[in-house]
Amino acid sequence: MSTAEIVIAGGGVSGLYCALRLADAGHKVLILETSSDRWGGRIETEDMDGFIAEYGPMRFEPTLQPRFAQLCAELGVSLVDFSGPSAEGLAANDDELPQEERGLNSLQLLKRGIMLIMGRAVDDQAWIDSLSEADYMRLRKHAQAHGQPLWACGFWNALSAQGILSHRALVKLRDTGTFYHMIPENLNAAEWIIWWLRALKTVGQQLASIEGGSSKLSDGLLARLRGHANVTLAGGHTLLGFRPTDLGQPTLELDLRTQSGTTRLLAERLILALPRLPLVKLALSLPDHIAAQLDSVNGFPMLKVFFVSNAPWWDYDQPPQQYANCMPTREIHYFRRPRDRDHDGHGMVLLYMDRPSTEFWRHYINDAAGHDRAEIDQNGRIVDAFALFIARDVKRSLESNDAGALRLTEHARRIFSDMNLNEATSYIRNAIHTYGIRDWARPPYGAANHGWQPGVRSWRVMDAFKAFDFGSGAQNVHIVGEAYSDYQGFIEGALNSSELALATIPAPGHECPASNVAEP
């Protein structure tokens with residue numbers, strides 16, 4: 001049977017990062033990735049007619065995410081100011097809101113609720129800006145609401161408590177906010193408040209994207225690893241299960257599926273760099289006290305759809321969110337290629353959503369094939385549906401002088417003025433020449449990112465997952481990644497959890513002698 005020193009299951013950012021740090025320290029590392037030709041996990045950048053289409057993460061906060069910023073600098077990955085549009089709140093009738101809640105958009109209402117929960121003045125921005133990661137840790141452990149630990153509350157429940165927000169305000173948040181304002185899931189109040197207190201900072205806040213696309217980060221990690229003598233990259237290999245052996249040393253026996261069948265492998269140490277869904281499939285291999293905590297987090301079923309048109313109907317100053325409430329999406333963003341002498345430039349539209357809008361678009365995904373990457377130009381029915389929604393928006397805009405109407409080009413106004421709805425739909429349909437969809441709720445990932453459940457003491461789960469054993473005393477199994485981290489939803493969380501695990505792994509030659517390890 002083949003043997004390996006350290007096996008890492010998962011070729012996303014956390015797996016690649018762990019491999020690089022361990023290999024640099026002198027360990028020999030084998031990385032297993034189910035896909036035979038795609039690394040980087042939920043990072044996915046596609047070139048669509050010259051547009052950078054980010055199907056995975058697309059914006060970062062390097063000043064608030066120091067490990068991410070340091071890794072980019074180490075790999076020579078350049079950051080640029082995030083130039084994509086920010087989602088704007090949709091208009092809503094405030095007549096039924098209490099006087100103190102009127103005139104506030106979704107983000108302002110959310111901030112108000114958080115500050116009231118924390119017992120602060122609603123305009124105390126200086127307090128938000130002063131908070132450190134140490135403050136956040138104290139908050140998650142000790143903050144209370146109405147005599148109950150905040151970690152034990154659901155975020156919806158905390159916002160609904162007496163003296164916080166009215167029910168109508170919560171409805172406005174749910175219906176007019178972006179998906180991060182009030183997501184359908186009821187998350188751990190302490191963790192989600194921390195998430196938002198980071199986002200609400202004005203000091204040190206910088207939004208950035210990766211020049212050339214987010215895949216430059218995973219490409220940089222792969223380039224380093226492929227040139228490393230201590231690293232073996234094994235694409236097309238899936239971990240099916242594992243167990244301790246009775247060889248009298250801290251050794252694990254791994255069951256693998258490869259492109260040519262199944263095989264077994266002995267390893268001294270195993271790092272599970274996997275999201276929640278693939279970890280659940282390995283639950284029978286995990287110690288009971290670890291498997292029981294896999295449901296400590298909830299996955300977000302986010303979905304993105306991109307459409308590229310060679311005859312854009314919207315003008316260059318088109319803001320996001322116009323008529324987003326008139327189609328199944330949470331956000332809609334418009335991009336235009338700069339003008340030149342020969343043409344007016346192509347354009348790209350992004351739909352970005354959570355539940356329930358995901359349930360509309362997911363039916364255009366090919367169920368017969370694995371959804372391990374974006375599906376490009378595979379189901380034209382998705383363009384038919386989108387074209388009809390947009391044609392309705394266009395006709396609505398032509399008939400209205402409302403500020404919320406689409407900002408149509410003069411060419412589009414002339415063209416569409418003489419068309420009925422069916423003709424406009426056909427015109428838009430024919431102008432879209434490439435499109436793609438990615439549903440992160442589908443296997444193998446099961447979610448775009450994760451959030452802690454109410455009632456979970458996150459710091460205890462993170463401490464348990466960083467290193468554990470099967471009763472032998474050799475803590476030679478580790479769980480890393482964004483899902484069970486202190487910075488969920490971002491690469492920073494994946495790197496933080498990786499560092500927790502790496503700190504428990506001795507340098508080569510410093511492992512505990514086998515004689516000090518109890519028999520399994």
Side-chain angles (χ1 to χ4, degrees), residues 6 8 10-33 35-48 50-84 133 198 204-235 271 273 335 338 373-374 438 449 480-482 485-487 489-503 505 507:
I6 300 178
I8 300 175
V13 168
S14 54
L16 299 177
Y17 179 80
C18 284
L20 181 59
R21 292 290 178 256
L22 291 167
D24 284 346
H27 294 282
K28 293 189 179 299
V29 182
L30 169 65
I31 314 178
L32 310 175
E33 167 56 43
S35 175
S36 60
D37 61 351
R38 204 183 84 77
W39 299 79
R42 282 166 282 174
I43 288 180
E44 183 178 3
T45 305
E46 300 288 348
D47 183 323
M48 299 187 70
F51 286 98
I52 294 176
E54 296 282 19
Y55 284 91
M58 63 182 179
R59 63 181 184 180
F60 310 92
E61 298 163 329
T63 51
L64 300 180
Q65 299 166 16
R67 284 201 168 104
F68 165 78
Q70 180 182 352
L71 180 60
C72 289
E74 177 184 341
L75 298 175
V77 172
S78 298
L79 298 174
V80 295
D81 288 339
F82 180 71
S83 57
E133 289 298 319
R198 289 190 183 114
Q205 189 73 276
Q206 175 196 354
L207 282 180
S209 57
I210 294 177
E211 187 174 14
S214 297
S215 61
K216 295 295 183 183
L217 183 66
S218 49
D219 290 346
L221 284 165
L222 281 170
R224 287 277 300 272
L225 292 171
R226 284 175 173 144
H228 213 303
N230 289 353
V231 177
T232 301
L233 296 165
I271 297 177
F335 305 86
R373 67 199 69 204
R438 185 68 199 258
N449 50 42
V480 302
E482 165 268 338
S485 78
D486 62 349
Y487 219 124
F490 291 95
I491 289 173
E492 188 76 3
L495 301 182
N496 286 352
S497 70
S498 297
E499 287 291 349
L500 284 177
L502 292 171
I505 301 176

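These values consider heavy atoms only, across backbone and side chains, with no hydrogens, waters or symmetry-generated copies.
In terms of heavy-atom proximity, W39 sits nearest to G235 at CZ2-N, 3.7 Å. Taking both residues in full, the closest heavy atoms of R42 and P57 are given as O-CD, 3.1 Å, listed atom of the first, atom of the second, then distance. Across all non-hydrogen atoms, the minimal contact from V77 to L217 is CG2-CA, 4.2 Å. Scanning all heavy atoms of the two residues, the minimum distance from G10 to I31 falls at O-CG2, 3.9 Å. In this structure, L71 and R21 approach most closely via the heavy-atom pair CD1-NH2, 4.4 Å. Considering every non-hydrogen atom in both L79 and C72, the closest pair reads CD2-SG, 4.1 Å.
The side-chain tip of R59 points at the ring of F82 from less than 6.0 angstrom away and within 45° of straight on.
With T45 contributing its side chain and S214 its backbone, the two residues share a donor-acceptor pair below 3.5 Å. Listed for the E482 side chain is a donor-acceptor partner under 3.5 Å among the backbone atoms of G489. For the pair Q206 (side chain) and P62 (backbone), a donor-acceptor distance under 3.5 Å is absent. No donor-acceptor distance shorter than 3.5 angstrom exists from the side chain of S209 to the backbone of M58, with no hydrogens or angles considered.
Using a 4.5 Å cut-off on side-chain heavy atoms (C-beta onward), E61 and L207 make contact. Side-chain contact between V480 and L502: absent, with no pair of heavy atoms (C-beta onward) separated by less than 4.5 Å.
With respect to R438 and E46, no salt bridge is recorded, no charged nitrogen being found less than 4.0 Å from a carboxylate O.
Taking CD1 of I271 as the start and CD1 of I505 as the end, the distance is 4.0 Å to the nearest 0.5 Å. Atoms CD1 and CD, from I52 and E211 in turn, are 8.5 Å apart once rounded to the nearest 0.5 Å. Atoms OG and CG, on S498 and L16 in that order, are 10.0 Å from each other to the nearest 0.5 Å.
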In a table with atom names and distances, give each donor-acceptor pair under 3.5 Å that connects a side chain of residues 218-233 to protein atoms at least two apart or in another chain.
from: S218; atom 1: OG; to: S215; atom 2: O; distance (Å): 3.1
from: R224; atom 1: NH1; to: E74; atom 2: OE2; distance (Å): 3.3
from: R224; atom 1: NH2; to: D24; atom 2: OD2; distance (Å): 3.4
from: H228; atom 1: ND1; to: N230; atom 2: N; distance (Å): 3.4
from: H228; atom 1: NE2; to: D24; atom 2: OD1; distance (Å): 2.9
from: N230; atom 1: ND2; to: A23; atom 2: O; distance (Å): 3.3
from: N230; atom 1: ND2; to: H27; atom 2: O; distance (Å): 3.4

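With sequence neighbours left out, the side-chain contact (heavy atoms from CB on, under 4.5 Å) criterion links E133 to Y136, R198, Y487.
Between F60 and F68, the ring center distance clears the sub-6.0 Å criterion.
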Any chance you could lay out the side chain to side chain contact (heavy atoms under 4.5 Å, CB included) test for R38 and E44, step after step, and finish with the verdict? CA-CA 9 Å; R38 204 183 84 77; E44 183 178 3; 3.8 Å; yes
